[in-house]
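Indexing begins at 1, ligand by ligand and atom by atom, following the structure's order.
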Amino acid sequence: MKRSFIKSFFPLLTLIVIIAVISSIVGKKGSAIKRTRFLMGTIVEITVFNSGKEPGIQEAIEGAFREIKRLEDMFGRRQSGSDVWKVNHSFGKDVKVSSETMDLIRAGLYFSKLSGGAFDITVGRLMELWNFEGDRRVPPSAPEIKNALSMSGSNNMLIDAEKNVISADNGVHLDLGGIAKGYIIDLAAAKLLERGIKNFIINAGGDMVIWGRKGNRAWKIGLQNPRDSQKIMAHMEVDEAHTAIVTSGDYERFFIHDGVRYHHIIDPSSGYPARGLISVTITAEDAKTADALSTAVFVLGVEKGLKLIDSLEGVEGMLVDEAQKIHLSKGIKEKVVVL
Ligand code: AMP
Ligand code: MG
């Protein structure tokens, strides 16, 4: 069955939400305002806490949803007319993009460098070939993969950051799907903060930004089993003033062929889905960082992934491997209760 949102470059509606805020979200009557909208291929829920009767909250939430829509239309690989679409249809010519797109591409290139190429915003051709949003049910042939691989690589992205001009050489196509959702919810959070809203959660299908508090309690976060959404594998308390939590998993977009799962996180060194992990949850100060790193660590695997996380200030991770064993970064070993 075709769904209208398959045009989106974001994951299909994730039925399993990996991370759940266990603390009851809506407190006493009147203390929380919650609104949901279908955006970015998922259900986006904005909840404002401790709001009392402050006027304008509803309007501020609407503003945040509008911001998400505006940016979604800018970054989608499959949205015709988006900045990314223009770059991918430019045949190497210069394309003028928005300052947000330039910002996001620069961030993408930064995380690419940081992860030694595991994170790669130039996987556009490979994603088109694998076509997880579409009808593919059999992996592509080796020559097809080789061909798509030959048209990837960050060194083919030429940017003029002052003029906001991009060009992609050698047939390279962009795909910002590994970082855009995080970046977008950060900017949606900024819209709420601008309006003086201090205590809120934006939850986009399990990818979240959390600001402030509900009452005086710390947030209790549960890690659901990637293979059984009814089971919580671990939980932890989050008491930072603000934090972002993003999960990458092999269950978001995939098909199974001959008993093998082929999913949407591609190892740029092979052109095939990354193996070893089934989910990676990252906490960081902002969702852009958490989003890029969840994808990068998924590709890097347990050993290299944890090494990268442990080298970064303010970043922690919970990794689940194929045997469903949990691996924790140094900074949260004490905080997480594995069930
Ligand atoms: P996420 O769910 O954040 O891990 O993002 C997965 C999406 O990122 C995919 O649907 C692709 O659009 C894109 N992607 C796939 N492989 C990579 C990669 N190695 N680096 C960056 N983005 C990727
Ligand atoms: Mg990501």
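Among the atoms of Thr295, an N, O or S atom falls under 2.8 Å of the Mg ion (ligand 2). Distances from the Mg ion (ligand 2) show that Gly178 has an N/O/S atom below 2.8 Å.
Ion pair Asp291/Lys181 not flagged as a salt bridge, since none of the NZ, NE, NH1 or NH2 atoms sits closer than 4.0 Å to an Asp/Glu carboxylate oxygen. One finds no salt bridge joining Glu62 and Lys191 here, because no Lys/Arg side-chain nitrogen approaches an Asp/Glu carboxylate oxygen to under 4.0 Å. Taking a cutoff of 4.0 Å between a charged side-chain nitrogen and a carboxylate oxygen, Arg78 and Glu128 do not qualify as a salt bridge. Ion pairing between a basic and an acidic side chain is recognised when a charged N comes within 4.0 Å of a carboxylate O; Glu240 and Lys335 show such pairing.
Where the criterion is an N or O separation shorter than 3.5 Å, residue side chain and backbone included, Thr247 fails it with respect to ligand 1. For a threshold of 3.5 Å applied to N or O pairs, the pair formed by Ile121 and ligand 1 contains no separation below that value. Between Asp120 and ligand 1, a contact under 3.5 Å exists for at least one N or O pair.
The six-membered or imidazole ring of Phe49 lies near that of Trp219, with a centre-to-centre distance under 6.0 Å.
Looking at Ala296 against ligand 1, nothing comes within 4.0 Å, counting heavy atoms. Contacts of Met127 with ligand 1, taken as heavy-atom pairs under 4.0 Å, involve the side chain alone. Heavy atoms of Lys181 found under 4.0 angstrom from ligand 1: none, in either backbone or side chain.
A donor-acceptor pair shorter than 3.5 Å cannot be found between the side chains of Gln224 and Ser229.
Residue His263 forms a ring-ring contact (aromatic ring centres under 6.0 Å, His included) with just one option from Phe132, Phe298, Tyr272, Trp130, and that option is Phe298.
Between Ala118 and ligand 1 there is a heavy-atom distance shorter than 4.0 Å.
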